[in-house]
Amino acid sequence: MYQRAKRNTQAYRNKVIFGDTVLIDLTADTVTPDKILSGFTAHDQSGAAITGTCEFDVDSGDATVQVAEIIKGKTAYARGAKLTGTMTNNGAVSLTISTVDGAVTIPQGYHDGSGKVQILDTEKAKLIASNIKQGMVNAFIIRFFSALMGNIFVRLLLIAVCADMVFDSLRAAKYRKWNSAVGIDGAIRKAGMLACVLLFTAIDMMMHVDVLDWLPVDTRNVLDACGVVKMGVTELFALLFILYEATSVLKNMLLCGLPVPAGLREKLGAWLSTMTEETKVDIVAEQVTPAPIADGATADAVRRAYEDDREESGLLE
């Protein structure tokens, strides 16, 4: 049995039934010509033959373009939909830099590639060899002092040098022994240390030496947690100079008679006595000459005065 449908007075078969079995049923189909690719044929729900008119030539389901990425007024298809662009068409954009520190902001949107950014003629006139060389020197000086004063080891060295000078002066005042030759020698030594730090800072800026790169990762992480993120030539020598100055500060503190437990004083004295001539604790030389004893003083008084002087020095128990 056939079921007929009429379209424009012409009958079409859209359903075929054999006995109780439906063999073909087009009545529920929704296909239309615009859903079929151009040139292909099918039957609609009436059973009439139709020819596709769809001109789609690609599956755009995976396209990622957005309307903001399409020039304003232009259209495209993506994810099964027609998109109309909203991107501004700037065409050719020309911008000018008017100062040495000037900057320009590139407008958002499409550029056709013929635009340009240039500096003013007055600024171009400044681009001469002497100015460039001077600018490089100035930039190096700024970087140099920034690296120098931003280095924690250099700051610690300056503190150690200043502390040594203070305690050395206090020691000289206590024993009334101002030696210009020793003072000049110490000043030259400190000036030499600081000069080395300046030189090594410049070397580090040019060579970018970092000893931490040779250490294991775990060690570097520990040092980084302590604030040590770089260990160049400057830091290595500054650390050595800090230890040297700290030893000298410790010596002068002991000779100034600062309160230190007796046991610790003996150990520090023994340890300092093994240092270099500069930091060696010369007990005999640092003792103050005993004060004159009044006429008629007894032997006991002389002994007590001498022992008092020895005890005051803080170096002999």
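We use all heavy atoms of the structure for the numbers below, so side chains are in, but hydrogens, waters and symmetry mates are not.
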Asks: Between Thr234 (side chain) and Thr201 (backbone), is there a donor-acceptor pair under 3.5 Å?
Replies: yes
Asks: Within the side chain of Asn90, is there an N or O that forms a donor-acceptor pair under 3.5 Å with the backbone of His111?
Replies: no
Asks: Within the side chain of Thr84, is there an N or O that forms a donor-acceptor pair under 3.5 Å with the backbone of Gly73?
Replies: no
Asks: Could you tell me whether Lys74 and Glu69 have a side-chain N and a carboxylate O separated by less than 4.0 Å?
Replies: no
Asks: Is there a side-chain contact between Val65 and Ile70 in this structure, where contact means two heavy atoms from C-beta onward sitting under 4.5 Å apart?
Replies: yes
Asks: Would you mind reporting whether Gln45 and Lys15 have side-chain heavy atoms less than 4.5 Å apart?
Replies: no
Asks: If you count the non-hydrogen atoms of other residues, nucleotides and ligands that lie under 6.0 Å from CE in Met165, is the total more than 12?
Replies: no
Asks: If we ignore hydrogens and angles and just use 3.5 Å, is the side chain of Thr247 paired with the main-chain N or O of Leu243 as donor and acceptor?
Replies: yes
Asks: Kindly say whether Gly109 contributes a backbone atom to a donor-acceptor pair with the side chain of Thr88 at under 3.5 angstrom?
Replies: no
Asks: Quick one: list whatever passes salt bridge (Lys or Arg N to Asp or Glu O under 4.0 Å) with Glu235, sequence neighbours left out.
Replies: Lys230
Asks: Between Thr53 and Pro33, is there a donor-acceptor pair closer than 3.5 Å when you use the side chain of the first and the backbone of the second?
Replies: yes
Asks: Quick one: are Cys54 and Ile36 in side-chain contact, heavy atoms under 4.5 Å?
Replies: no
Asks: Met193, Ile159: one ILVMFWY side-chain cluster at the under-4.5 Å cut-off?
Replies: no
Asks: Keeping Arg79 on the side-chain end and Asp62 on the backbone end, is there a donor-acceptor pair under 3.5 Å?
Replies: no
Asks: Check for me, please, whether Leu199 and Ile242 land in the same ILVMFWY cluster - side-chain distances under 4.5 Å, paths through other members count.
Replies: yes
Asks: Is there a path of hydrophobic side-chain contacts, each under 4.5 Å between heavy atoms of I, L, V, M, F, W or Y residues, that connects Val222 with Ile152?
Replies: no
Asks: Does a donor on one side chain and an acceptor on the other come within less than 3.5 Å for Thr27 and Asn14?
Replies: no
Asks: So do Thr96 and Ile119 actually touch side chain to side chain, heavy atoms under 4.5 Å?
Replies: no
Asks: Run the salt-bridge test on Asp164 and Lys190 with the 4.0 Å N-O cut-off and return the result as yes or no.
Replies: yes
Asks: In Å and rounded to the nearest 0.5 Å, what is the CG to CG distance from Leu157 to Leu194?
Replies: 6.0 Å
